[in-house]
Structures are given as C-alpha cells and as structure tokens.
Amino acid sequence: MEKVTVRQLAAGAENYAEKQVKVDGWIRNNRDQKSFGFIALNDGTHFNTIQIVYEKEFLPNYEQVAALGVGSAISVSGTLVLTPEARQPFEIKALAINPEGDSPADYPIQPKRHSREFLREVAHLRPRTNLFSAVFRIRSLLAYAIHKFFQERGFIYLHAPIITANDAEGAGELFRVTTLDPKNPPVLDDHAVDYSRDFFGKKTNLTVSGQLEAEAYALAFKNVYTFGPTFRAENSNTPRHAAEFWMIEPEIAFADLNDNMDLAEEMVRFLINDMLEQAGTEMDFLNQFVDKGLKERLQNIVKSEFIRINYSRAIELLQESKEKFEYPVQWGKDLQTEHERYLTEKIYKKPVFVTGYPRDIKAFYMRVNDDQKTVAAMDLLVPGVGEIIGGSQREERKEVLEQNISNFNINKDDLWWYMELRKYGGVKHAGFGLGFERMLMYLTGVSNIRDVIPFPRTVNNCEF
RNA sequence: UCCUCAGUAGCUCAACGGCAGAGCGACCGGCUGUUAACCGGUAGGUUGCAGGUUCGAAUCCUGCCUGGGGAGCCA
C-alpha cells in the first residue's frame, strides 16, 4: 500500500483513483453518526484537509475512532475515491484507522473561530489552524522567492555577522552580547565596566543591520544581498515592530539611487507575482477570511508603475491637500506615519517611493546631493503597512563621508575599514533594507507582525 | 516610553449597583453522506490581582498585572 501525502493527491488525485493508499495526519474535525463518520484530516503537506469516510462495517475499532478528539494523530489506510460532485474533489474510504497520538478534550484549538490574541498564547499549537497554516506556508515560499529573485540575477548571498562591534549606524537600540558576570563585572578606575576583558575584548552587540558589511562585499562581487535575523532593543509596542526580525539587504555597485529603486520595484513585483502563483490556495483563503481586497490589490500593484516623488514635492502635496494632520507638515521634518499613509493610501493608492530627504534627519552614510541640503535616500511606502523599504545611494566620496561622520558625532576609529572601502577602488553604490515580515504582512493582509513570526519576540515577551 | 480601550465558563461575548447568562466547544444520547453538520440533554464560574466605597460590587473608586489599538523609534 502506497504512503501518500495530501500534496501528492492534490497534484493528481486521478493517478490514485480506486487505489489503496495510506496517509498520516492530525484530526481537524471528527463527526460520527450511527454507523459511519467523517474525519477532516490535515497531514501538514497541504493547506487543505482530506476527508476520511469511515464505516462501522469495515472498522473493528469504529467506536474508538468515533471518540477521537480534535488534534489527535492517526494513520489511515483506505481507498482513494474521486468525488467530483462533492465539495471536496476526493476522499478516502477507510479500511483501517490507527490512533497514533490522542488529544484530550481540553485541546485549545477547536473547530471554530479564535481570536489572534488567544492564539498567540498557544503559539506552539496555532500552526494547526487554517490562518497560520496559510501564513507560514507563505512565509516559507517567500523566503525561497527572495533567494530565487537574487540568485537568478547573479547576486551573491552574503552571511553578514550576527555579532558585531559597530554601533555607529544609529539604526536603533542594541542588545549587548557579553560573557561578563552581570553581578560582578571587571571595572576601570572610574567604575565603568571594563569591556576590554569581555569575550571579544570590546563592547559587542547583536546586529541591527548587515549593510556596512554588505557594502564591503558589493565592492568585491558587485551585486550582493544579505538575508538574516536582525535585532533591535527598541521599546516599541506596535503591530509592526519586533525585537527579532529578518531583513533583506541588497547592495549594488556601479549603481545610483535610480538603479536602486528599479531593483526594489522589480523585486517587490517579483515577490507578489511569485506568491500569487505558488500559494494560490493560501492566497484564496486569506482573500476570503482576512482581507477581502487582498488579491485585487496585489494584482493591481503587479500591473502598475510605482510612484516616485521627491520629499520636497511630497511636502507640497501634503500641504496642498488641506487634510487636517495631527503633526504639521513642514520641510525639514520627517514625514509622520499619518503623512506617509495619506500619500500612499489616499493620494496614490499604490506603492510610493519618496526620495531626497533632508540631510539632517537621515543616516551618515547616505550620499549628499548637489544641493548640499538633501541626501539620495529612498523609502518605499505601501498602503496598509507603511514603510517596507528604506534605502539610499551610499556616500562614496571619502572627504564628504568623513565630514558626515564628524557632523553626526560618530567614533571614526570604529569605521576605519568602512573608510578604506572609499580609499581602495571606491565607486558609487547603493542598497536598501526590506523588512521580511513587513513584506509578509503586506502579502497576506495579516495586520500584526506577531502573527507572521512563528514565535515572536517583542518587549516583555519571550515565551516559547 | 506616552495616550486610549478592554480583562466575566475552554473560546467569543452579554449582564453595567440588586439571584452571573447565551452561542460555540466539551460530555451523554439521536440521526444512512456529513463537511465550522443537524436535533435533544448534561456539566462547566473566587467575574485578571490587591485594596476601598456601599445594606449589597462583575458593575463605582485607587493601585498593580496582562492584552488590543494609536503615537514615537524603524524594517
């Protein structure tokens, strides 16, 4: 008897019609009647369940099977039957059902709607629900799609370090990495902790970005990307922030800001297309139960050009809009969330690149424009999620970069190697950071980042 | 960190100063094709925690804890 998966059956049930097969899985629902019953079985290989029909006359352990609760693990042997007239295209008429793992009546996941908040408390069981089955299948496919996109274009995948000593990027609060005894650390004469006696002989932390290292590799391999975990110790409590998340950071040499935006746009379009193709069943489910406009919105984005406007023009548009904003719109100040949302959700209703931000509100490594007041930065704003990409052309002129570093009061000594990238074969280059989970939220319509990370880490929460 | 809303049965919620309830789930029974099945019945509670006001508190007040939403920070 051939062991099959629901994935194999979904791909071609007619190959198995009237044949005997064996499937293993977990019971989603079990309904018994006097002499027959139905089990909705999920074997983990496919979003959909397979229906198992079992009858008293064939099963010596009918009563035992009928009593199996939701969540129980079973092995089923039976005949695959095509059922074109029914709601499901095929089912299995059971000849034998072996209980493998019982699930008592207090199993928290019931065949009914649960709140996301409740399911977060049972994060070890929530992947057994429809929503999380869809989300985490798509998460896996999306990670693969990202590699596909860059590998097909000849990019080199770079593993940037996770432990780093540079804290010069200003990209957020850091998680310290140390082996010192917190109760009794070695101290200097002025009672400050003596990090020279720490594991690495200096202060170290978890990475907040692999960008600086990616620049080094872009200036050797031309086009590279990183894709790995990132850590920010921000005390931020929002549906869009996590302390541990994944980020994709491509870096391209001999390229300017426009090349950078072209790449970002092509990538976003590729990822959407790929998910619509690869995850049809899951996308249909999300479109029906999570966000009614999801598929239409994504399909429109694939077709339409992204908007590109500069910061100054964005300020003008917002000022002309007559919309009442809580925070004033003023040149020189950063765009507030409400401003970004207005641009992408009200004015354009599609993704918008905003470029050329004031120099003072952006990072030291961004290339200064000829006006000396703005930098070659770009943010990609999308409806519903807000900023999913932040990037820039990098400052490749050694003198200008040095000036920036001193303007931002950054310790130049930490960046000696970064400066040498400008000294030896420095060339214009650019890159961006894509928040993996934010992209996933955008693709699935799921509005809380805690629901697209298997075991999310946020302020005051490191359960599981 | 700030603002705001909410914690009542396993889950989703009602009761809003006067006997703590419903739907779903669970359990028992019925039903020959169900599919978040249907029909009948049963069990299930220190109303987040601590204090206060009151003859009487799930309900009003104070503090704390937990969670949601908004803001800032950002991806």
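Proteins get letters first, then strands, A, B, ... in listed order; numbering begins at 1 in each.
Mapped onto RNA chain B by nearest heavy atom, A:W246 and A:E91 fall at different nucleotides, with A:E91 at the one closer to the 5' end.
Counting any heavy atom pair closer than 4.0 Å across all strands shown, A:D106 reaches no nucleic acid atom. In this structure, A:S115 reaches the sugar-phosphate backbone alone: every heavy-atom distance under 4.0 Å involves primed, P, OP1 or OP2 atoms, never a base. A:P108 comes within 4.0 angstrom of nothing in the nucleic acid, heavy atoms only. Within the 4.0 angstrom heavy-atom criterion, no nucleotide atom of any strand lies near A:I248.
For A:R232 and B:A75, a side-chain-to-base donor-acceptor distance below 3.5 Å is present, hydrogens and geometry of angles not being considered. Donor-acceptor pairing under 3.5 Å, judged by distance alone, is present between the side chain of A:Q110 and the base of B:G10. For A:H114 against B:C11, a side-chain-to-base donor-acceptor contact under 3.5 Å is absent. Not a single donor-acceptor pair, N or O on each side, falls under 3.5 Å between the base of B:G69 and the side chain of A:E117. Contact annotation: side chain of A:Q51 to base of B:U34, donor-acceptor pair present below 3.5 Å.
Between B:U42 and B:G25, the two C1' atoms lie 14 Å apart (nearest whole Å). Look at the C1' atom in both B:G7 and B:C16: the space between them is 15 Å, to the nearest Å. Nucleotides B:C11 and B:U53, compared at atom P, are 33 Å apart to the nearest Å. B:G41 and B:A15: their P atoms are spaced 26 Å apart (whole Å). Going from the P atom of B:C2 to that of B:C64 covers 11 Å, rounded to whole Å. Going from the P atom of B:A50 to that of B:A22 covers 27 Å, rounded to whole Å. Separation of the P atoms belonging to B:G63 and B:C27 is 45 Å when rounded to the nearest angstrom. Comparing the P positions of B:G17 and B:G51 gives an interatomic distance of 24 Å, to the nearest angstrom.
Aromatic rings from A:H339 and A:F325 are positioned such that their centres are separated by under 6.0 Å. Between A:H159 and A:F227, the ring center distance fails the sub-6.0 Å criterion. Proximity of the aromatic rings of A:Y157 and A:F150 is defined here by a centroid distance below 6.0 angstrom, and this criterion is not met.
A:N130 has its CG atom 11 Å from the P atom of B:A36, to the nearest Å. A:R120 places its CZ atom 16 Å from the P atom of B:C11, with the value rounded to the nearest Å. Remark: C1' of B:C74 and CG of A:L174 are 14 Å apart, rounded to the nearest angstrom. When the P atom of B:A36 is taken as reference, atom CZ of A:R28 falls 13 Å away, rounded to whole Å. The NZ-P distance, from A:K93 to B:G33, rounds to 12 Å in whole Å. B:A75 atom P lies 12 Å from atom CG of A:L381, rounded to whole Å. Taking atom CD1 of residue A:I27 and atom C1' of nucleotide B:G25, one finds them 16 Å apart after rounding to whole Å. Distance OH (A:Y327) to P (B:A71): 9 Å, rounded to an integer number of Å.
Under 4.0 Å is where a charged nitrogen must lie from a carboxylate oxygen, and between A:D291 and A:R297 at least one such pair does. Ion pairing between a basic and an acidic side chain is recognised when a charged N comes within 4.0 Å of a carboxylate O; A:E437 and A:R240 show no such pairing.
Cation-pi geometry between A:R438 and A:F245 is not satisfied (NZ or CZ under 6.0 Å from the ring centre, within 45° of the ring normal). Geometrically, A:R31 does not engage A:F36 in a cation-pi contact, judged by NZ or CZ lying under 6.0 Å from the ring centre and within 45° of the ring axis.
Side-chain atoms of A:N61 never come within 3.5 Å of backbone atoms of A:Q64 as a donor-acceptor pair (strictly under, hydrogens ignored).
Across all strands shown, B:U32 has no partner, as no Watson-Crick or G-U wobble contact with both distances under 3.5 Å is found. Pair assignment for B:U1 gives B:A71, based on Watson-Crick or G-U wobble hydrogen-bonding distances that are each under 3.5 Å. Shown here, B:G44 forms no base pair; nothing in the strands shown gives a Watson-Crick or G-U wobble contact with both key distances under 3.5 Å. Pairing for B:G7 goes to B:C65, judged as Watson-Crick or G-U wobble with the two contacts each under 3.5 Å.
Relative ring orientation between A:F455 and A:F464 is described as tilted, the plane-to-plane angle lying within the 30° to 60° band. By the 30° and 60° cut-offs, the orientation of the rings of A:F289 relative to A:F285 is tilted. Using cut-offs of 30° and 60° on the angle between ring planes, the pair A:W331 and A:Y311 is perpendicular.
Within residues 30-47 of chain A, the residues having any heavy atom under 4.0 Å from RNA chain B are, by residue number, A:R31, A:D32, A:Q33, A:K34, A:F36, A:F38. Contacts between residues 442-464 of chain A and RNA chain B, defined by a heavy-atom separation under 4.0 Å, are made by A:N448, A:I449, A:R450.
The aromatic ring of A:F245 sits over the base of B:A75, with ring centres less than 5.5 Å apart and planes tilted by under 30°.
Distance check: A:N310 CG to A:T355 OG1 gives 5.0 Å after rounding to the nearest 0.5 Å.
Here A:R116 does not reach the OP1 or OP2 of B:G69: none of its side-chain N or O atoms lies under 4.0 Å away. Contact annotation: A:Q336 does not reach the phosphate of B:A71 (side-chain N/O to OP1 or OP2, under 4.0 Å). Look at A:T337 and you'll find a side-chain N or O under 4.0 angstrom from OP1 or OP2 of B:G72.
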